[in-house]
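Notes follow once the structure below has been shown.
Whatever order the structure lists ligands and atoms in, that order sets their numbers, starting from 1. Reckoned from all heavy atoms, side chains included, excluding hydrogens, waters and symmetry mates.
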Amino acid sequence: MKKFLDLGLQPLANKYLTRKEIKNKKKEQFYHLEVGFDNKTKLVSILNKVPSQKMFDNSYPYRSSMSKTMTESFKKLSKKIIRVFNPKLILEIGSNDGSLVKNFNKKKVICVEPCKNLAIITKNKGFKTYAEYWNINLAKKIKSNHQKVDLIYSANTLSHIANLDSVFKSINYILSDDGILIIEDPSLLECLKRVAYDQFYNEHIYVFSLLGIKHIINKYNLELFNVEKLKTHGGSIRYFIKRASNSKIKIHNNVKKQLKVELKYKMDKFKTYSEFKNKVEKSKKQLKAIFGKVKNKNKKIIGYGSTAKSVTVLNYCNIKSETLEYFVDTTPSKTKKYMPGTHIYINKYEKKLLDDVDYIFLGAWNFKEEIFKKEKKFIRKGGKFITHIPTPRII
Ligand code: DWN
């Protein structure tokens, strides 16, 4: 791995602080957020990894069901899975609060979710749930209880696991011969194009490209047969994978097309990443200038969506509560808490909290359309948004 980006010292994203922890001056854990590119594997990864147990514990706050965009995307995919693949047994790695599996017959789904506070949700709804980390021991346990599975799905999870060899070895072990693996994660190409450097934080150990995925799955005799571009999470890719030995499934032209696009963008070259670094540094200067200008006019700025991504932005750009007064968020486990590192307060979302606000920083920029639709009144009254994607600007 050759380093191309340094985003400074960062607190652990998703470790929101309680009032008591702030009062007692709780010492937060910081790590050095550096990002590198591996010329051999074409993987882009953070360099200093935080152990999974410190990140995905019994109080993980992110709930995928909090966004209409995500629940609709999962619903659409579920219909497609039933229509096209009609699997007998589905395994979801990283099932969060069950927003995908709720679309399936309970008897046909196995959930894997190491965060116990989330695993309990699917368990209580009657889904077979393993509250464990995905690895070969768990794959063996599941296989001995249920036999092989014929569809494995994993969204926004594999990018969170450091040991990709263990991930794919375990998948390889449990997937039936004509089984399908569907993965979706943020797209590195979109991240580069949008200068979305906030896709990098302790949980996002990797931001995948098709080039990187292809390299790792080939080692396990797995093969891509289709890719779909998604709008979710600021631009994601859904990878459809089969065993190389399964010749019944034709390889879609989309795979070649996407590879061509990535190569045209020179994603296989280090230079592309060092140029990205320059864009990130420029973005920081521009965002700080916007906040400075607005604040000098004594305007009230708040944040919308206390995302893990905004932890990277605020800490990298050193934006604190003197500038951004508070966040609003709909996630119960985040509200009435404080943002990691910057200690900006998170209010439970209520429309009236926007009444005297002049500017809103879009922490959840990936849900811009959903938020703009919801906040028509704020916009009509002349309220403005600040975003750093793709370039810092006021909307
Ligand atoms: O990979 C990950 C993704 C899937 O989710 C995790 N590592 C952590 C998390 O990342 P994030 O926090 O950057 O995710 P989101 O989905 O961009 O978070 C959106 C936040 O905004 C949530 O806290 C909910 C909030 N929100 C809101 O308050 N009102 C979102 C919408 C759409 C809204 O209308």
Matching residue for Y304 among F385, Y349, F361 - test: ring-ring contact (aromatic ring centres under 6.0 Å, His included) | Y349

Sidechain-backbone polar pair: Y133 side chain, F56 backbone, donor-acceptor under 3.5 Å =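 Pair found, side chain donor or acceptor close to backbone of F56.
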
Whether E262 side chain and L210 backbone form a donor-acceptor pair below 3.5 Å = yes

If two hydrophobic side chains count as joined below 4.5 Å and joins carry through other members, does I237 share a cluster with F208?
->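 Shared cluster, yes.
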
Ligand 1: which protein N/O atoms lie under 3.5 Å from its N/O atoms?
| unit_1 | atom_1 | unit_2 | atom_2 | d |
| --- | --- | --- | --- | --- |
| ligand 1 | 1 (O) | H160 | NE2 | 3.1 |
| ligand 1 | 1 (O) | H204 | NE2 | 2.9 |
| ligand 1 | 7 (N) | H160 | NE2 | 2.7 |
| ligand 1 | 7 (N) | Y201 | OH | 3.0 |
| ligand 1 | 7 (N) | E203 | OE1 | 2.6 |
| ligand 1 | 10 (O) | Y201 | OH | 3.3 |
| ligand 1 | 12 (O) | A308 | N | 2.8 |
| ligand 1 | 13 (O) | A308 | N | 3.4 |
| ligand 1 | 13 (O) | K309 | N | 3.4 |
| ligand 1 | 13 (O) | K309 | NZ | 2.7 |
| ligand 1 | 16 (O) | Y62 | OH | 3.4 |
| ligand 1 | 17 (O) | K309 | NZ | 2.7 |
| ligand 1 | 17 (O) | N366 | OD1 | 3.3 |
| ligand 1 | 17 (O) | N366 | ND2 | 2.8 |
| ligand 1 | 23 (O) | D329 | OD1 | 3.0 |
| ligand 1 | 23 (O) | D329 | OD2 | 2.7 |
| ligand 1 | 23 (O) | T331 | OG1 | 3.2 |
| ligand 1 | 23 (O) | K334 | NZ | 2.7 |
| ligand 1 | 28 (O) | T330 | N | 2.9 |
| ligand 1 | 28 (O) | T330 | OG1 | 3.2 |
| ligand 1 | 34 (O) | K374 | NZ | 2.3 |

Going by the angle between their ring planes, with limits at 30° and 60°, are H160 and H204 parallel, tilted or perpendicular?
-> perpendicular

Side chains of L89 and L151: does their closest heavy-atom pair fall under 4.5 Å?
-> no

